[in-house]
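Each remark here refers to the structure printed beneath this line.
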Amino acid sequence: MIETLILTSLVVAMAQNMVAIPDGDYRPLYMSKDSPQTQVRAFSIDVRPVTNQQYLLFIAANPRWKPQAIPQIFAEPQYLQHWGNKDKKSLPAKEQLNSPVINVSWFAAQAYCRSQDKRLPSVAEWERVASASETHADGSQEKSYHQRILEWYGLPSRKQLPEVGGNAPNYWGVQDLHGLIWEWTEDFNSALVSGESRGDSNIDQRLFCAAGAQGAADPSDYAAFMRFGFRSSLQAKFTLPNLGFRCASSKDQTNEKI
Amino acid sequence: MRIRQIKGTLWLLLLTGFFSLHAQAKNLVTEQATLSAPPMVPPPIDRDYSAKVVINLETREQVGSIADGVDYVFWSFGETVPGSFIRVRSGDEIEFHLSNHPSSKMPHNIDLHAVTGPGGGAVSSFTAPGHTSTFSFTALNPGLYIYHCATAPVGMHIANGMYGLILVEPEGGLPRVDREYYVVQGDFYTKGEYGEAGLQPFDMEKAIDEDADYVVFNGSVGSTTNENSLTANVGETVRLFVGNGGPNLISSFHVIGEIFDTVYVEGGSLKNHNVQTTLIPAGGAAIVEFKVDVPGTFIIVDHSIFRAFNKGALAMLNVQGPENQALYSGKQDDNVYLPEGSAIQTLDDDYIVATAKTKEDQIRFGQRVYEANCLACHQAKGEGIHSAFPPLAKSDYLNANPLLGVDAILKGLSGPIKVNGISHDGVMPAMRLSDHDIANVITFVLNSWDNQGGQIFAAEVANRRH
């Protein structure tokens, strides 16, 4: 009953605003300064992370992604655990509705995006958008940019996450890329498995000590190191308390509907 | 971070297989490691065979106090900074379980310098929030080793407190001592300056510049002072397991008023004797041993001394017991321990000095001079220290002739003098102060603490210089 109520009243919420990002370049952190930039083709990305409310709507329409139904290989037992367990029905509390959905696996995030003819953004796409400050496409030109991002990592986790949209839009008009949650990307573990950008380093080196800084484009970009470090620790079935997602799409995208 | 009491008591689990030990070399006895929070150390290992030791350690991101009124988000091993002390024996096979608390934002891992293998365990223990990694290694080399988190960016993980010590005891163990303690130095970089109140975030720029706001023992200013001091009794032997987590600074480890009888240099097998200060590199350790012969408070410092007095690198060892006048008389020479120099150094001559225009100005300026140069010995209310540093309050010596005070500052004063009926036999070094500063400070003293008042002028001071 509550479910239908929320459903009917919130169909509007489903329509997630997106912004278009033009063709552009991005230099991955682990490339050397002289290496050619990676081209990122035009795409669109959600302005805000997906909320509990939007995710609830998704699983109502796709019951196989309910916590009770999801196969273990697609998500760990902590899947959506922050919704609690009321009468064997997992539902977000009212005050959680506009907070970002967390405790979702890569599989679940990808399924959500596909249900809307979208997909998860790639690491390159995410990093290209996220490297903008409020006023510059390249935020690192602003002195306080890295420090502000780092401050979030330096704060303890909060039980109740704030609502989405609390951070000022960046240069592209996208919000909450920093300072709220980590976000899934389509190829989150490619920093470990792609061969072309390794140079003389090997697969292990990004994981420990200073070796990861060797040949990095900007060794002072601690925030980016953390994101790459964080992504490297993930497996697709992981469901973590600070990890959510947003969706992206491109024109020539062909997605199989789930 | 304030220290918690020892976490988990000793629980040795001797499992089956003990009695068939002789039959199969691989069939090791399994035991749960005893871990301890700083400054305590787990008990010595008293078995004479190798065992399989299971270690469970948790990484956590939590708010703690780095100084009075100053909070910091520490990242820790076992909820303390430094992390839990691990004690194993050379030849032990260690099964390590690293758990990252679900509330963590960051993945973490552990690089134990006691591990022989790539990354020191870092790759095998790389753990996302809410997960546990397991890996095993054999402790091949005896010694005292740092362990730390090595997840990128490694500097930030260490700067937030992710380090601790693992002791690999040699076969036969270390010689028995009466007291063992665990002390680790670390440097911290906060957005606000030293002492600025509130929750302070990590400052990346300062960390890269190696410009530390805090240099502390065991995770906070005052972690090991006053009621939290280390303790010992006269006649006991004390062993300190000392580490330096860094991330940047090298420690000149020194205990004021003690000489290390033995130092296991860099935590290894080389023993040096009769050492005053031992150098501990970032990511390194040392074992120091000494016998405490006289009572009192022994100050443990990083003898890069501004770190001790301005950044927090100070701990205390409180020794109780009877005095031994033959070893230490208690009233000679401690007044000349002035490692920073005898007075504030003068700058080039061509700067503009604000000069006092009135007697009130002189008193005001003089108070500043007093607090910077005189207060340490003559004390805040001019009361001095009995029989060592004469009182300036209600001082018959000074009031009789204030110019004697000027002379003492200009030329120094040593040998016995009688002040207010008590003989003082100490040494006051000459102070490098300007005529104005000296005139002001004497005027300040004459008009404070029940002295008779009066005024001294810079010209009078100039006259006394020759």
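Lettering of chains follows the sequences in order, A, B, ..., and the numbering in each one begins at 1. No experiment lies behind these values; they were computed from the predicted model shown.
Other residues, nucleotides and ligands place more than 12 heavy atoms under 6.0 Å from the CD atom of Q160(A). Atom CD of E266(B) has 12 or fewer neighbouring heavy atoms from other residues, nucleotides or ligands inside a 6.0 Å radius.
Remark: S90(B) pairs with P142(B), V168(B) by the side chain to side chain contact (heavy atoms under 4.5 Å, CB included) rule, at least two apart or across chains. Applying the disulfide bond (SG atoms under 2.5 Å apart) rule to C149(B) yields no partners; only residues at least two apart in sequence or on another chain are considered. Evaluation of the side-chain hydrogen bond (donor to acceptor under 3.5 Å, both in side chains) rule for E95(A) yields no partner, not counting sequence neighbours.
Residue K105(B) holds its NZ atom at 11.5 Å from CD1 of I181(A), rounded to the nearest 0.5 Å.
Heavy-atom proximity under 4.5 angstrom to chain A picks out K191(B), L199(B) from residues 189-200 of chain B.
In plain terms, the two heavy atoms of L240(A) and A128(B) that are nearest each other are CD1-CB, 4.3 Å. Residue F126(B) comes nearest to S232(A) through the heavy atom pair CE2-C, 3.6 Å, listed as atom of the first residue, atom of the second, then distance.
Between F238(A) and H131(B) the shortest side-chain heavy-atom distance falls below 4.5 Å.
Contact annotation for Q235(A): neither backbone nor side-chain heavy atoms come within less than 4.5 Å of a heavy atom of chain B.
Counting heavy-atom pairs closer than 4.5 Å to chain A, the top residue among P107(B), P102(B), S104(B) is P107(B). Options D203(B), I158(B), N160(B), N100(B) differ in how many heavy-atom pairs under 4.5 Å they form with chain A, and the most are formed by D203(B).
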